[in-house]
Amino acid sequence: MTTELLDALNSPDSAIIRAAELLRSGEVVGFPTETVYGLGACIFNETAVRKIYEAKGRPQDNPLIAHIASIEDAKRIAVNIPDEFYRLADAFFPGALTVILRKRKQVPSIVSAGLDTIAVRMPAHEIALRIIAEAGEPLVAPSANRSGKPSPTSAQHVFDDLNGRIAAIVDGGKCRVGIESTIIDILGDIPVIVRPGSITGENIEQILGKKVIIHSAGESPVPIAPGMKYRHYAPQAIVKLKKSWEEISEEIDKNPNYKRMILTTEEAPAKLKDIVFSLSTETIYAEFRRADAESFQEILILCSDTVQTNTALMNRIAKAASGT
Ligand code: AMP
Ligand code: MG
């Protein structure tokens, strides 16, 4: 299959119209959101949704997130929507928050991998919202990478992973947030964050006026989110988390000739400047992809206090370090 490249930076109208036309005809299309690029298909078209799993090489029991263009759209795919959803939606939609709701039975079960729940998000990206609206129904969209690779934050990343496997890629430039949305389950008595993201537990607590738990394996009062059981992306390079420049120097001394990068939010000692790169949620996946492409052997990450208080960034770093 030839993958069409649709330039939404220079010709948004024609890119959006073409993307929606392909989606309505049952194809899958990569498109930008503010978090990471998504791989979309029309939610009520089971054959199209199946193509997402095939193109990504994604296990069929890993559920997808539904993307809506307006808060009212939630009713088309979910039932018994609790009041908490509307409070969260008023505060954070459109934005990097995904809320788990009860699924409407008309939504094909492949979408949520057989679960009776559905994850719902309204992306804060004009191109994404216009594509969903033009497609005429919510889109399911996991990240537009091959399973096992870092999530894509540019159209080039999507092309690198999925060229020839999908009908089109809409180029909307780099993603502003750079990591996946916060996912919250509000169906139980206590709201549980099953994936941390840029919207924090405190942000959500302020809106709901009650305590929110952040799931960490083994401690959760609710079942683990299905996708969490899969081995996560880890770069080919060894990833090591370090607390100080002294610890980093000691690590370098062990294997002075390694091809390595250091990721940090801090000012680097002058002698290390050549191998130091900036650590941020916006760039972390691009750096991991570069490390793989350029065959780095080691990635040392300085987990300063600033980094450690960023739950979402720490979550992605820890996963890359452990590969779990
Ligand atoms: P992504 O591939 O980044 O779109 O991630 C989708 C993730 O959302 C899955 O791996 C799950 O962790 C989570 N998810 C999607 N649907 C549900 C659901 N119905 N219940 C719990 N978690 C879900
Ligand atoms: Mg993903």
Side-chain angles (χ1 to χ4, degrees), residues 28 30-41 43 49 52-68 74 77-81 85 96-105 107-123 128 138-153 157-158 161-162 175 177-188 191-199 213-217 220-234 281 284-285 288-289 312 315-316 319-320 324:
V28 300
F31 67 96
T33 81
E34 83 282 25
T35 57
V36 302
Y37 271 73
L39 183 60
I43 194 166
V49 177
I52 289 182
Y53 286 92
E54 278 161 25
K56 281 180 61 82
R58 182 178 177 105
Q60 291 235 351
D61 58 349
N62 192 355
L64 307 175
I65 294 174
H67 288 61
I68 56 178
I77 53 177
V79 289
N80 302 335
I81 301 177
F85 169 77
L97 182 71
T98 298
V99 185
I100 296 173
L101 298 174
R102 294 258 161 252
K103 186 175 83 66
R104 195 172 271 286
K105 64 177 186 315
V107 174
S109 82
I110 184 175
V111 163
S112 57
L115 297 170
D116 61 2
T117 53
I118 178 86
V120 180
R121 172 167 118 81
M122 179 176 169
L139 300 179
V140 280
S143 48
N145 52 316
R146 283 283 286 172
S147 248
K149 295 287 235 78
S151 291
T153 53
H157 295 161
V158 182
D161 280 14
L162 298 176
C175 299
V177 176
I179 57 166
E180 306 85 346
S181 60
T182 305
I183 304 180
I184 183 141
D185 184 342
I186 53 165
L187 296 175
V192 181
I193 292 182
V194 293
R195 180 172 73 188
S198 60
I199 293 174
I213 295 175
I214 299 186
H215 170 89
S216 61
S220 173
V222 297
I224 296 178
M228 291 164 98
K229 78 177 190 201
Y230 293 105
R231 190 172 179 281
H232 218 264
Y233 164 78
T281 48
I284 184 86
Y285 287 138
F288 286 161
R289 280 180 178 262
N315 170 268
R316 305 310 190 276
K319 283 185 168 171
T324 58

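This is a predicted model, so every value here is computed, not measured. Just so it is clear, the values below take in all heavy atoms, side chains as well, and ignore hydrogens, waters and symmetry mates. Both ligands and their constituent atoms are indexed starting at 1 by order of listing.
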Pro142 heavy atoms within 4.0 Å reach ligand 1 at atoms 2 (O), 4 (O)

Is it true that a side-chain atom of Lys56 and a backbone atom of Ser143 form a donor plus acceptor pair closer than 3.5 Å?
yes

From the list Ile77, Val140, Ile52, side chain to side chain contact (heavy atoms under 4.5 Å, CB included) partner of Val111 resolves to Val140

- Query: How about Ser181 and Thr35: does a side-chain donor come under 3.5 Å of a side-chain acceptor?
  - Reply: no

Closest to atom 6 (C) of ligand 1 (heavy atoms only, candidates His67, Arg102, Arg58) is Arg58

Note: ligand 1 atoms sitting under 4.0 Å from heavy atoms of Pro63 are 6 (C), 9 (C), 14 (N), 15 (C), 16 (N), 17 (C), 23 (C)

All heavy atoms of Val36 vs all of Glu180, minimum pair found to be CG1-N, 4.1 Å

To atom 22 (N) of ligand 1, the nearest of Leu101, Ile100, Ile65 on a heavy-atom basis is Ile100

For Ala119, the atoms of ligand 1 under 4.0 Å from one of its heavy atoms are 15 (C), 16 (N), 17 (C)

Note to self: Show, in sequence, the C-alpha distance, side-chain angles and deciding distance for Ile43 and Ile118, and conclude whether the side-chain contact (heavy atoms from CB on, under 4.5 Å) test is met.
What the structure shows: CA-CA 11 Å; Ile43 194 166; Ile118 178 86; 4.3 Å; yes

task = Mind running side-chain contact (heavy atoms from CB on, under 4.5 Å) on Leu115 and Ile100 for me, showing each step along the way?
result = CA-CA 11 Å; Leu115 297 170; Ile100 296 173; over 6 Å; no

**Message:** Does Ile183 form a side-chain contact (heavy atoms from CB on, under 4.5 Å) with Ile65? I'd like the steps, not just the answer.
**Reply:** CA-CA 10 Å; Ile183 304 180; Ile65 294 174; 4.2 Å; yes

Under 2.8 Å from the Mg ion (ligand 2), is there any N, O or S atom belonging to Ser143? yes

Give a yes-or-no answer on whether the side chains of Arg121 and Thr33 include a donor-acceptor pair shorter than 3.5 Å.
yes

Subject >> Min N/O separation Lys56 to ligand 1 under 3.5 Å >> reply: no

At under 4.0 Å between heavy atoms, what of Lys103 touches ligand 1? The answer is neither

Under 4.0 Å from one or more heavy atoms of Asn62, ligand 1 contributes atoms 9 (C), 10 (O)

(message) If the contact criterion is a heavy-atom separation under 4.0 Å, does Ile183 count as touching ligand 1?
(response) yes

_What verdict does the side-chain contact (heavy atoms from CB on, under 4.5 Å) test give for Leu187 and Arg102, after you've listed the backbone C-alpha separation in whole Å, the side-chain angles of each residue and the deciding distance to 0.1 Å?_
CA-CA 8 Å; Leu187 296 175; Arg102 294 258 161 252; 4.0 Å; yes

Here the atoms of ligand 1 under 4.0 Å from any heavy atom belonging to Leu64 are 15 (C), 16 (N)

Atoms of ligand 1 under 4.0 Å from any heavy atom of Leu115, numbered from 1 in the order shown, are 18 (C), 19 (N), 20 (N)

If we number the atoms of ligand 1 from 1 as shown, the ones under 4.0 Å from a heavy atom of Thr117 are 18 (C), 19 (N), 20 (N)

